[in-house]
There are 2 protein chains.
Amino acid sequence: MNREKFAYSSCPLVKAMTALGSKWKPIIVCVIRDKKVRFGQLAAIMDVISRKVLTDQLRELEADGILIREEFKELPPRVEYSLTQKGLDLLPIFSLLEEWETKYDPQSEVIHSVVHSLHEPVLTEKD
Amino acid sequence: MNREKFAYSSCPLVKAMTALGSKWKPIIVCVIRDKKVRFGQLAAIMDVISRKVLTDQLRELEADGILIREEFKELPPRVEYSLTQKGLDLLPIFSLLEEWETKYDPQSEVIHSVVHSLHEPVLTEKD
DNA sequence: CGGCATCCTACCCGATACTG
DNA sequence: CAGTATCGGGTAGGATGCCG
């Protein structure tokens, strides 16, 4: 496979989608947003993800320089995640993607409510 | 799983990433761009993809209303793919994603050269 | 030419249990 | 609290071959 018509692995779009194209990563980024968020908060809000997967995704996002993991050597332990500038730069792009999807599929519900649920103390009962 | 903290499947960002987050779809969209492109051309340019996968991705993109498949009942058969407006609307977003990646990883090479290779008759020998 | 059918592999994702 | 370790299923992606 010598003369690839394009260098797949060096295409920025491919790289970006590789870093972000997983099932949960965009959501994680959007949920963290401009806050410092503890692992437990993420796990509580995104309780559809297993903790292992959440950990995995967070680690990969950290490796890709999209977020920062701060570990406090306390008891009980505390870990806070926050976006890097690189991660923050994604938010407007994700917004566009949301708009794009919503434009062509008005059934979608926005994720912002989720983020609110994070930053508000409330939430739990649904009906 | 009653009270999901957010409706995963109705989050527009999730939907968008589901429709686009695969390994090749963004590339396909960017390669087709504003042209009508035949299957063979796509397969030739993106010869790192197996034809089966290429077909699969094209079908899914068609199902998601991102591109259109036109089949000409000729001999030899001819099939042309082109983006819908929904697909075209993605291009600027992908551009932003490219810029984002390139900004934080200048090693990336742009895909535009690829597209050129499609729309120019030339190309083949690399060295 | 532009597929589809078949088979196979890798890995993403998840459940569960255990640890500092 | 915030993980790791282990096991395993489902599916995206790929190689190959046949067909209208």
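So you know, we letter chains A, B, ... as the sequences are listed, proteins then strands, and number each from 1.
Counting any heavy atom pair closer than 4.0 Å across all strands shown, B:F72 reaches no nucleic acid atom. Within the 4.0 angstrom heavy-atom criterion, only backbone atoms of the sugar-phosphate kind lie near B:V79; the bases stay farther away.
For the helix from C:dC1-D:dG20 to C:dG20-D:dC1, the rotation axes defined at the first and last 5 base pairs enclose an angle of 50°, given to the nearest 10°.
Here the straight-line distance linking atom CD of B:Q85 with atom CG of B:L90 works out to 10.0 Å at 0.5 Å rounding. Atom CG of A:L42 is separated from atom CD of A:E80 by 11.0 Å, given to the nearest 0.5 angstrom. Rounding to the nearest 0.5 angstrom, the gap separating the CD atom in B:Q57 from the CG atom in B:L67 is 10.5 Å. Atom OG1 of A:T102 sits about 6.5 Å away from atom CD of A:E98, to the nearest 0.5 Å. Interatomic distance, CG of A:L58 versus CZ of A:R51, reported as 11.5 Å (0.5 Å rounding). With values rounded to the nearest 0.5 angstrom, A:Y81 atom OH is found 10.0 Å from A:L61 atom CG.
Remark: the backbone N or O of A:D56 is not paired with any side-chain donor or acceptor of A:R59 at under 3.5 angstrom. With B:Q41 contributing its side chain and B:R38 its backbone, the two residues share a donor-acceptor pair below 3.5 Å. Without hydrogens or angle criteria, A:S82 side chain to A:K35 main chain gives no donor-acceptor distance under 3.5 Å.
Residue B:M46 contributes atom CE, which lies 16 Å from atom C1' of C:dG2 at whole-angstrom precision. Rounding to whole angstrom units, CZ of residue A:F39 and C1' of D:dT4 are separated by 11 Å. Rounded to whole Å, the distance from CE on A:M17 to P on D:dG13 is 11 Å. One atom, CD of B:E70, and another, P of C:dG3, lie 13 Å apart when rounded to the nearest Å. The distance between atom CD1 of B:I28 and atom C1' of D:dA12, rounded to the nearest whole Å, is 13 Å. One interatomic measurement links the two molecules: NZ of A:K73 to C1' of D:dA2, which rounds to 11 Å at whole-angstrom precision. For A:K23 and D:dT11, the NZ to P distance is 10 Å, given to the nearest whole Å. Remark: P of D:dG3 and CD of A:E71 are 7 Å apart, rounded to the nearest angstrom.
Contact annotation: B:W24 side-chain N/O to D:dG14 OP1/OP2 distance is under 4.0 Å. Applying the 4.0 Å criterion to OP1 and OP2 of D:dG13, one finds that B:Q57 has a side-chain N or O inside that range.
Using a 4.0 Å cut-off between charged nitrogen and carboxylate oxygen, B:R69 and B:E71 count as a salt-bridge pair. Ion pairing of A:D64 with A:K86 is absent here, as no side-chain N (NZ or NE/NH1/NH2) approaches a carboxylate O to less than 4.0 Å. Taking the charged nitrogens against the carboxylate oxygens, A:E74 and A:R78 do have a contact shorter than 4.0 Å, which makes a salt bridge.
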Just the table, please: protein N/O against nucleotides 4-9 of chain C N/O, every pair under 3.5 Å.
from	atom 1	to	atom 2	distance (Å)
C:dC4	OP1	B:R59	NH2	2.8

Check nucleotides 18-20 of chain D against the protein and report each pair of N or O atoms closer than 3.5 Å, with its distance, or say if there are none.
none

